[in-house]
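Let me begin by presenting the structure, written as structure tokens, before commenting on it.
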Amino acid sequence: MTKLPWAALAAGITLAAAPPIVIQNARVLTVTRGAFTGAVIVKDGKIAEAAEKVMIPPGARVIDAGGQYLMPGIIDCHSHIAADSINEGAASVSSMVGIEDVLNPDDISIYRALAGGVTTANILHGSANSIGGKCTVIKTRWGKDADGLKFEGAMPGIKFALGENPKRQGMDDGPAGSRRNLRYPGTRMGVEDVIREAFTEAKAYQARWKEYEAGKARGETLIPPRRDLKLEPLVEVLEGKRFVHAHCYRADEILMLLRVADEFGFKIRTLQHVLEGYKVAREIAAHGAGASTFSDWWSYKVEAYDAIPYNAAIMVRKGVLVSLNSDSGELMRRLNTEAAKTMKYGGLTETEALSLITINPAKQLKIDDRVGSIEVGKDADLVLFDKHPLSSYAKVQKVFIDGVVYFDRDKDLSERRLLELNKRKLLEKEKQSAPQQKKQDRRPQ
Amino acid sequence: MKYRVLALACSALLLSAGETVAEVPSVIAIRGARIVTVSGPVIARGAVILRDGLIEAVGDAQPPPGAWIIDGEGLTVYPGLLDALSTLGLPDTPSLNGTGRPNATRPQGAPPAVPRGPEDRPLNTSYLRAADELSPTDRRLEAARNAGFTGAVTFPTQGVFAGLGAVIDLAGKRPGQMVVQSPAGLYLTTHSGGFGSGYPSSLMGVIAYIRQIYLDAGQYKTAKAIYAAHPKGLKRPGYDKWLEGVLEAPRVLLPARDPKEMERMLRLGEELNLKVLLYGLAEGFRAPEILKNRNAQVLVNLRWPEKPRAADPEAEETLRDLETRDLAPSTPAALVKAGVKFAFYAGALEKPSDVAPAIRRAMNAGLSHDNAVRALTLNVAELYGVSDRLGSVEKGKIANLVVTRGDLFRDKTEVKYVFVDGIKYEPAAEAPAPAPEVTR
Amino acid sequence: MKPVALWIAAAAALYAASDDSFLIRGAAVYPVAAPGIENASLLVLDGRVAEVGAKVAAPRGVRVIDGKGLRVYPGMIDSATEVGISEIGAVGVTNDVRELGDFKPQLRAGIAVNPSSEHIPVIRANGITAAMAIPDGGVIAGQASLMRLDGWTWEEMAVKLDAALHLNFPTITTRRFPAGAAPFSEAKRDYERRLKQLDEYLEQARRYRTAKKAGGPDFRTDLHFEAMLPVLEGKVPLMVSAVREREIKAALEWAEKQKLRLVLSEVRKPGAMLAELKAKQIPVILGPTQDLPLDHDDPYDAAFTLPAELYKAGVKFAFGSFGNQFSRNLPYQAATAVAFGLPYDEGLKSVTLYPAGIWGVSAEMGSIEKGKWADLMVTDGDPLEVRTQVRRLFIKGKEVDLESKHTRLYKRYLARP
């Protein structure tokens with residue numbers, strides 16, 4: 001669990017020259033190209049070969065998987081780890097804020113997620129606002145700085161939220177006068193209104209800038225419009241340059257958002273949670289939105305009372321691109337068995353189940369050219385499990401990102417004593433120096 | 001009082017009301033002292049001549065006739081210490097060591113009770129000037145002088161855009177006489193009001209807010225300039241006092257405790273094209289190269305992290321916290337090694353007399369005495385652009401000196417005299433010892 | 001006939017048709033208390049296990065169930081839930097878990113269990129046939145009840161209304177909302193004050209017992225202290241939440257002084273107290289074992305390996321899901337523990353045999369043994385594996401429908417055109 005020392009942060013640069021890695025004698029679950037027993041060769045951080053029989057390149061580092069299971073790194077399309085703040089709750093539209101500004105590479109949740117096989121995560125703003133903040137896709141490169149976490153080139157996103165969470169601050173449901181500082185909206189009607197209003201504003205803003213640019217081109221003396229950080233991301237949404245990830249539960253609100261997006265001419269990239277997605281799967285598929293849901297969460301609030309563990313399976317069967325997410329630093333560590341639940345509830349196949357945590361979320365985030373399956377040319381983001389990853393008993397043994405080992409269970413086990421030892425040493429040292437300091441403090445001033 | 005002003009030849013006059021500096025003996029000569037000039041080599045034995053509040057000569061100069069002579073035998077003369085970030089002279093401003101939530105100081109102009117966005121200008125008092133709020137009777141000035149400080153850079157501290165600081169001298173008959181340079185910079189924090197307090201309520205809200213304010217300030221400046229040149233036919237830009245202070249600041253102070261925050265704040269500064277002074281840096285030892293690579297200038301908090309008082313003795317602490325407490329005082333040495341320009345600040349310490357022990361810890365962790373002195377004198381002046389008048393014992397600079405028996409920062413070192421604007425202050429001969437906390 | 005009456009008649013007919021005597025033939029039977037038997041038969045008569053073996057004859061008229069390819073296990077017991085006393089987490093009016101007041105031993109969770117809760121069919125569909133409904137809030141929260149997950153009324157569901165008395169043992173809490181932290185000394189004084197209150201309460205209960213025995217003319221019944229009597233006599237254990245070593249130590253010392261029987265719950269960092277838990281034979285309710293590590297520097301798998309550590313130290317434990325919505329995932333808690341070092345058989349026992357023992361009902365349930373109630377799950381594989389399906393479920397020998405709100409919505413919306 002110890003991090004690379006800060007001084008070694010530039011490690012990524014030197015790794016380009018690292019020797020090729022051959023992971024052999026593995027049961028390889030490619031997700032997109034079937035399964036086989038064989039080897040995967042990693043060169044320069046990419047998968048160079050994946051086949052039953054391979055030639056071991058000279059100078060390669062050979063890892064014998066001993067018949068264990070190798071799968072693509074797990075992708076979590078909805079996470080809140082690795083950030084120093086999550087919700088900017090005071091504004092109904094908080095699109096001016098972004099997770100990218102507060103990425104926290106020191107969050108131990110990154111390491112714990114790694115230890116559960118997660119290599120990529122979509123870090124989302126919270127759900128307190130109808131339109132929330134900007135999101136960032138990261139790789140769980142524990143030990144790198146904030147820049148080093150970022151999934152380079154991944155499409156930026158923005159969080160929307162419908163239903164109970166965004167309207168909670170506007171609900172005057174207490175005794176008279178008990179709720180002060182109510183914030184609009186307080187109903188699902190108001191949520192729609194906030195979104196439509198914001199995009200109406202964004203369109204006007206877009207027009208204002210176009211007008212200004214045109215006037216300037218004509219040589220007119222004009223004061224430039226004020227840049228509005230709240231509206232700029234919405235203009236990007238309108239222009240298809242930013243993905244919308246929308247937190248939602250009930251069928252009615254899901255449909256509402258699809259129709260608002262239709263009205264303003266943009267697409268919802270993913271519906272998040274979408275626990276009643278199974279009721280409007282046809283409409284979701286027709287819009288082309290992806291769905292990123294829980295395996296079996298339900299009943300924690302009214303809008304989750306009709307949630308069923310068959311949600312993912314029904315949506316898959318009805319042609320929706322579905323992924324499973326965690327929304328939790330805890331659950332994030334066992335998305336593999338979450339995927340297995342879709343076989344139990346709804347009868348998905350092994351490959352379909354694995355797709356929900358690999359290639360499907362990769363497609364939803366439009367990073368499937370880089371990650372999500374074991375294919376030649378893709379990033380060497382790989383997880384070695386001791387048992388089939390869809391088994392309750394599977395444990396992550398090693399995790400590679402860009403061909404670099406970021407988690408190794410054996411190493412973790414062997415470093416635990418060292419950590420304890422270091423802590424004891426420092427505590428002892430502090431205890432010994434403490435009386436001296438006290439004495440100093442007490443000397444007459 | 002721990003200090004009393006030695007009025008020399010005309011003490012009675014000096015102590016009377018309405019006295020002016022001009023009536024103080026205008027020439028003072030410290031003779032036969034060791035002189036740590038900081039800007040040049042140490043002078044083993046020499047004189048410093050002060051005239052009319054300025055340093056007239058340093059080295060083997062002869063005291064001019066009529067000069068009041070101080071025997072410097074066995075004493076060392078240093079430039080007066082400068083606190084690079086403080087609230088000295090601002091008795092009503094909360095000090096920097098508070099960790100609680102800041103008062104949600106709301107700007108004037110009746111914004112909504114709960115700010116909902118940057119347009120409401122929440123937590124913004126960038127128009128406040130420390131120079132306008134100074135009080136020469138702030139009792140802390142005396143304690144600071146007692147510890148060898150003659151100057152400080154002092155700031156309003158409330159809110160996100162707290163206000164404009166000033167480089168001040170730690171004595172003066174009237175507030176205005178204390179000011180050396182104003183504004184010295186704009187002090188920013190990342191304290192949000194917290195949940196339920198309105199926008200911004202989160203760290204990312206604060207950062208987005210800072211970004212929007214600087215964009216607004218840029219647009220405001222442009223708009224005003226265009227309008228001034230072509231008022232006819234153009235919509236008049238309004239007056240925005242919250243942006244005026246922002247535009248006026250020559251530099252911006254941003255907080256950073258650890259590498260993550262160092263990166264974050266330096267990136268923000270680069271993005272907004274700001275001249276940044278990072279402050280804090282308890283975990284600077286972890287990655288001084290970040291600062292070096294980004295050409296950062298930093299202010300190091302002399303309040304080294306401590307085990308939380310009154311904490312549960314069995315509470316599990318992280319290795320990182322233990323490491324930080326152990327190694328934070330090695331930050332200055334690490335910065336020197338990496339070639340990063342830094343100054344110290346004492347504004348977060350409980351009392352100025354904590355400075356010397358704090359410096360000793362940094363020296364035990366590898367900081368040289370010279371660099372320690374520099375970080376409390378010339379570096380401070382350089383970082384705030386006033387090294388042409390403060391920070392070293394040099395001809396022509398302001399006569400701010402500290403004279404000690406023994407090296408500065410040593411346990412037993414005695415501060416003999418402090419000169420501020422050429423006026424001599426001396427600790428009371430019989431400084432009453434504070435009541436011991438524990439009787440044994 | 002009115003629709004409601006129709007529905008009642010139909011439901012009654014369903015129950016009438018169900019039989020609590022049957023023979024499962026050709027299945028693998030895992031009695032848990034004994035080694036599994038392949039291709040075995042299991043005879044249930046009048047709701048109780050009559051015989052298990054390679055060859056068991058079906059008495060005349062007894063229904064025979066083909067168990068080919070299936071496995072039979074005792075139904076699982078979830079040792080910590082809010083089943084029937086909480087429906088929708090965020091909606092206060094659907095929750096009956098926390099009563100006002102600090103000392104309320106007279107409260108009984110079982111009588112507030114809603115037999116129509118949508119949670120019950122959902123939970124049991126994964127093989128869970130009994131669950132502890134645990135009240136919370138205050139110091140003495142009330143009586144936790146062991147409930148069978150089938151029955152028309154709570155009375156029919158109740159296995160033991162007073163399976164335990166839930167006590168939130170005082171802890172030294174420096175965390176304060178919203179101020180941040182209180183000084184340790186203050187927190188400790190507060191803790192000592194609360195502990196003293198608890199001691200005084202028990203002292204009062206003892207005096208009440210003496211007064212009751214003496215039976216003087218002034219004696220008046222007090223429902224609070226009546227409820228304490230079985231606890232003082234050791235007939236009902238105290239279920240005490242204690243997470244860290246210091247709290248566990250304090251709880252153990254206190255229980256010893258007060259001569260009370262303990263079941264610890266929510267244990268996370270027992271440290272050196274493991275040996276004492278073993279020596280004093282104090283059982284532990286663990287969970288949720290898939291939790292995050294308690295402290296920042298703890299090993300990432302700290303919660304996963306805890307059951308194995310308890311096992312190695314010889315401490316008896318059972319799993320609890322501590323809620324409702326994840327009760328059906330109880331077997332996967334055991335599976336994670338197995339993946340991280342707990343022997344498989346122990347994993348299975350800690351959701352069947354061991355909880356039955358801890359709650360004092362091992363003569364009735366927890367394993368497939370002659371004379372015990374036939375609380376059974378029939379699966380197509382290892383019940384700890386996520387992919388395994390529960391095919392049939394029997395509670396007191398009566399086959400229970402595996403349909404739930406979830407399966408109903410599934411069928412309805414899968415068929416949406």
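None of these values were measured; they are calculated from a predicted model. Excluded from the calculations below are hydrogen atoms, water molecules and symmetry mates; all remaining heavy atoms, backbone and side chain alike, are included. Here is how names work: the chains are called A, B, and so on, in the same order as the sequence lines, proteins then strands, and each is numbered from 1.
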Search all heavy atoms of [X] against all heavy atoms of [Y] and return the closest pair with its distance.
X	Y	value
A:Arg112	C:Asp295	NH2-O, 3.4 Å
A:Arg333	C:Asp291	NH2-O, 3.0 Å
C:Pro417	A:Arg282	O-NH1, 2.6 Å

Residues, nucleotides or ligands: over 12 heavy atoms within 6.0 Å of C:Arg412 CZ: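 No, because the 6.0 Å sphere around CZ of C:Arg412 holds 12 heavy atoms or fewer from other groups.
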With only heavy atoms counted, which part of [X] is less than 4.5 Å from chain C, the side chain, the backbone, both or neither?
X	result
A:Lys387	neither
A:Ala307	backbone
A:Glu350	side chain

Residue pair A:Tyr393 / C:Asp382, side-chain donor-acceptor N/O under 3.5 Å: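 There is such a pair (donor and acceptor under 3.5 Å, judged by atom type) between the side chains of A:Tyr393 and C:Asp382.
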C:Glu118 and A:Tyr305 side chains, donor-acceptor separation under 3.5 Å: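 Checked: A:Tyr305/C:Glu118 side chains show no N/O donor-acceptor pair below 3.5 Å.
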Working to the nearest 0.5 Å, report the span between [atom1] of [X] and [atom2] of [Y].
X	Y	atom1	atom2	result
A:Asp412	C:Tyr300	CG	OH	6.0 Å
C:Glu385	A:Leu390	CD	CG	9.5 Å
A:Tyr278	C:Leu409	OH	CG	4.0 Å
A:Arg416	C:Asp298	CZ	CG	10.0 Å
C:Asn329	A:Lys341	CG	NZ	3.5 Å

Short N-O contact, C:Lys405 and A:Asp306, less than 4.0 angstrom: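 Yes, C:Lys405 and A:Asp306 are salt-bridged.
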Pairing of C:Arg416 and A:Glu283 as salt bridge, 4.0 angstrom limit: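 Yes, C:Arg416 and A:Glu283 are salt-bridged.
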Aromatic ring proximity, centroids under 6.0 angstrom, A:Tyr345 and C:Tyr410: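 Ring centroids of C:Tyr410 and A:Tyr345 are no less than 6.0 Å from each other.
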Parallel, tilted or perpendicular: rings of C:His119 and A:Trp298 (30°, 60°):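 Answer is tilted, since the angle falls between 30° and 60°.
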Contacting moiety of [X], where chain A heavy atoms sit under 4.5 Å:
X	answer
C:Thr388	backbone
C:Val91	side chain
C:Asn126	side chain

Options C:Val122, C:Thr336, C:Asn324, C:Leu292, ranked by heavy-atom pairs under 4.5 Å with chain A, top entry: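 That would be C:Leu292.
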Working for side-chain contact (heavy atoms from CB on, under 4.5 Å), residues A:Lys344 and C:Arg387: CA-CA 5 Å; A:Lys344 181 186 182 81; C:Arg387 290 158 67 168; 5.7 Å; no
Chi angles and distances behind the side-chain contact (heavy atoms from CB on, under 4.5 Å) call for A:Tyr310, C:Lys411: CA-CA 10 Å; A:Tyr310 303 92; C:Lys411 282 175 194 153; over 6 Å; no
Any side-chain heavy-atom pair of A:Leu331 and C:Gln290 under 4.5 Å: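 No - every pair of side-chain heavy atoms lies 4.5 Å or more apart.
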Check: A:Ser392 and C:Leu384 side chains under 4.5 Å, non-hydrogen atoms: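 They are not in side-chain contact.
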Working for side-chain contact (heavy atoms from CB on, under 4.5 Å), residues A:Lys395 and C:Asp301: CA-CA 10 Å; A:Lys395 274 200 302 291; C:Asp301 58 1; over 6 Å; no
Evaluation steps, side-chain contact (heavy atoms from CB on, under 4.5 Å), between A:Ile308 and C:Tyr413: CA-CA 11 Å; A:Ile308 59 174; C:Tyr413 281 94; over 6 Å; no
Option in A:Glu420, A:Lys301, A:Lys318 with maximal non-hydrogen atom pairs under 4.5 Å from chain C: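 Among A:Glu420, A:Lys301, A:Lys318, the one with the most close pairs to chain C is A:Lys318.
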